[in-house]
Amino acid sequence: MLSRFTLATLMATIMLSGCARLAAVTGTSHDSTATADASTAQPATGAPIDSNDSPSPFETGPTVINISHVVTRTDDGSSIYVTVDGQDAGLLKKGEKREIRVSPGKHQIGGYVQTLFGFGKVTIASVDVTTDPNSPKNVVYSVTRQKPAFSETDATPPNNS
């Protein structure tokens with residue numbers, strides 16, 4: 001009986017502390033007497049949400065970079081958040097391809113994966129790509145020998161999802 005009560009108390013504490021953290025980060029409260037100004041509320045920091053409604057800075061540009069997530073035997077199937085020059089460019093699910101448009105010149109294509117429960121992220125090393133308007137560049141994300149990496153390739157790999 002005592003062990004059940006201890007577990008229930010622990011779970012209630014964890015759940016309530018999570019609600020308190022969310023209210024502190026967003027500046028909102030469930031209390032009817034609290035009046036939080038929406039203009040002063042801080043946005044929650046976390047993984048970017050891939051939405052088709054919001055414009056992306058990587059939708060226009062004279063050069064094209066094709067990014068593919070190739071599924072291998074050692075891949076766990078995690079979705080990758082792709083970054084271009086340190087800015088989030090979108091979510092890349094397993095077996096998916098994405099076209100990114102950028103200005104001509106040298107760019108760093110990298111990414112990260114959210115850890116369990118979104119408390120942190122694992123950064124994947126970036127690859128340097130030099131783009132020109134005459135030909136698109138192809139970048140592949142794959143996991144080989146338990147090591148995730150981005151690499152530049154000559155042609156777009158086949159879809160093996």
Which heavy atom of [X] sits nearest a heavy atom of [Y], and at what distance?
X	Y	result
Val71	Asp75	CA-OD2, 4.0 Å
Lys121	Gln114	CB-NE2, 4.2 Å
Phe150	Gly111	CE1-N, 3.5 Å
Ser103	Thr63	O-OG1, 3.5 Å
Lys94	Gly77	CD-CA, 3.9 Å
Leu91	Lys93	CD2-CE, 3.9 Å

I need the [X] [atom1] to [Y] [atom2] distance, nearest 0.5 Å.
X	Y	atom1	atom2	value
Thr74	Gln146	OG1	CD	5.5 Å
Thr131	Arg101	OG1	CZ	11.5 Å
Gln108	Gln87	CD	CD	12.5 Å
Thr130	Asp132	OG1	CG	9.0 Å
Ser68	Arg98	OG	CZ	11.5 Å
Ile65	Lys137	CD1	NZ	9.5 Å

Practice task
Using side chain to side chain contact (heavy atoms under 4.5 Å, CB included) as the criterion, list what pairs up with Pro62, not counting sequence neighbours.
Solution key: Pro104

Practice task
Just jot down the side chain to side chain contact (heavy atoms under 4.5 Å, CB included) partners of Val113, sequence neighbours excluded, or say none.
Solution key: Ser78, Ile80, Ile124

Problem - Parallel, tilted or perpendicular, as decided by the 30° and 60° cut-offs, for the rings of Tyr112 and Tyr81 - result: parallel

Exercise for the section: Give a yes or no answer on whether the side chain of Asp88 reaches the backbone of Gly90 with a donor-acceptor pair at less than 3.5 Å. Expected result: no

Handout entry: Donor-acceptor contact present, side-chain Thr115 to main-chain Gly120, <3.5 Å
Key = yes

Exercise for the section: Could you walk me through whether Asp128 and Lys106 pass side-chain contact (heavy atoms from CB on, under 4.5 Å), step by step? Expected result: CA-CA 7 Å; Asp128 291 331; Lys106 189 173 185 178; 3.8 Å; yes

Exercise for the section: With the side chain counted from C-beta on, respond yes when Ile109 and Ser126 share a heavy-atom pair under 4.5 Å apart, and no when they do not. Expected result: no

Problem - Any Pro148 side-chain heavy atom under 4.5 Å of Tyr141 side chain - result: yes

Problem - Verdict with supporting geometry, Ile100 and Val82, side-chain contact (heavy atoms from CB on, under 4.5 Å) - result: CA-CA 10 Å; Ile100 296 176; Val82 178; 4.2 Å; yes

Handout entry: Val84-Val127 co-clustered via ILVMFWY side chain contacts under 4.5 Å
Key = yes

Problem - Presence of salt bridge, Lys97 and Glu99, under 4.0 angstrom - result: no

